[in-house]
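Reminder, nothing fancy here: chain letters follow the sequence lines and each chain counts from 1. Any value given below was found using the heavy atoms of this structure, including those in side chains, with hydrogens, waters and symmetry copies removed.
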Amino acid sequence: DSGVTQTPKHLITATGQRVTLRCSPRSGDLSVYWYQQSLDQGLQFLIQYYNGEERAKGNILERFSAQQFPDLHSELNLSSLELGDSALYFCASSVVGRSTDTQYFGPGTRLTVL
Amino acid sequence: AQSVTQLDSHVSVSEGTPVLLRCNYSSSYSPSLFWYVQHPNKGLQLLLKYTSAATLVKGINGFEAEFKKSETSFHLTKPSAHMSDAAEYFCVVSDSNAGGTSYGKLTFGQGTILTVHP
């Protein structure tokens, strides 16, 4: 158990819908990251937050947005869903968000878009 | 820019024989390198990491990796495979940028699936 929690574990929805994925970091970690794992793209970095502020952005679609709240939990919002958004979404956390930090991963949320 | 190439998509070994998973990286500045393991339907677990200290890094479950700057490699090894090692392994790089600012963006290789035969 990494100490990072993600809810829900599974999500099944239809095209065009909007969903919210939630992540709680390990106690004491200030930085949160979101990653997408799909069969065709592999594991890709989406976005990083540090203490409530956006810190780095990857190949995140404009239909996707995220935020980190004052209690440090984070949410990833996916809207106008397409079939290709079906993937495993991981949240990770680390102490301060440096390149040398170890990132601890949650168990993931499996999103299926029908 | 940073990138990672895992040279084998599948590796198959017999239990008790050595494991070698190969990884080459590309980075502009001072990379940190990691190996993560993913068991079926599980999250990612850190095996080991290199952050510019000793070039030979020891990790959990008997795994180790050697950072070779001249070869831009970070291969993962284990002397004797166990059935429980069967999983997918990811080589990962994290880099600072030209200004020395260090972010946590991880770039993953495509993964190597390790199969262990009895």
Joint hydrophobic cluster, Val113(A) plus Phe90(A), side-chain heavy atoms closer than 4.5 Å:
no
Counting the benzene-type ring for Trp, do Phe45(A) and Phe108(B) have ring centres under 6.0 Å apart?
no
So which part of Gln48(A) gets closer than 4.5 Å to some heavy atom of chain B, the side chain, the backbone, both or neither?
side chain
Distance from Gln103(A) atom CD to Lys105(B) atom NZ, nearest 0.5 Å?
12.0 Å
Tell me, yes or no, whether the heavy-atom count around Asn59(A) atom CG, taken from other residues, nucleotides or ligands under 6.0 Å, exceeds 12.
no
Region of Ile47(A) in contact with chain B, defined by heavy-atom distances below 4.5 Å:
neither
Joint hydrophobic cluster, Tyr50(A) plus Phe69(A), side-chain heavy atoms closer than 4.5 Å
no
Can you get from Ile113(B) to Tyr89(B) by hopping between Ile, Leu, Val, Met, Phe, Trp and Tyr side chains that sit under 4.5 Å apart?
no
Partners meeting side-chain hydrogen bond (donor to acceptor under 3.5 Å, both in side chains) with Asp8(B) (sequence neighbours left out):
Arg22(B)
Can you find a pair of side-chain heavy atoms, one from Gln37(A) and one from Gln38(B), that are under 4.5 Å apart?
yes
Most heavy-atom pairs under 4.5 angstrom with chain A, which of Thr51(B), Leu44(B), Asn41(B)?
Leu44(B)
Under 4.5 Å between side-chain heavy atoms, hopping through other hydrophobics if needed: is there a path connecting Trp35(B) to Leu33(B)?
yes
So which part of Tyr35(A) gets closer than 4.5 Å to some heavy atom of chain B, the side chain, the backbone, both or neither?
side chain
Please look at Tyr50(B) and chain A and tell me whether the side chain, the backbone, both or neither of the residue comes under 4.5 angstrom of a heavy atom of that chain.
neither
Do Phe90(B) and Leu43(A) come close enough that some side-chain heavy atom pair is under 4.5 Å?
yes
In terms of hydrophobic clusters joined by side-chain contacts under 4.5 Å, are Leu39(A) and Leu88(A) together?
no
Pairwise distance OG(Ser2(A)) to CG(Leu46(B)) - rounded to 0.5 angstrom:
11.5 Å
Minimum-distance pair of heavy atoms, taken over all atoms of Lys49(B) and Thr102(A)
NZ-OG1, 3.0 Å
Stepwise side-chain contact (heavy atoms from CB on, under 4.5 Å) test for Tyr104(A) and Gln45(B):
CA-CA 7 Å; Tyr104(A) 295 89; Gln45(B) 181 185 22; over 6 Å; no
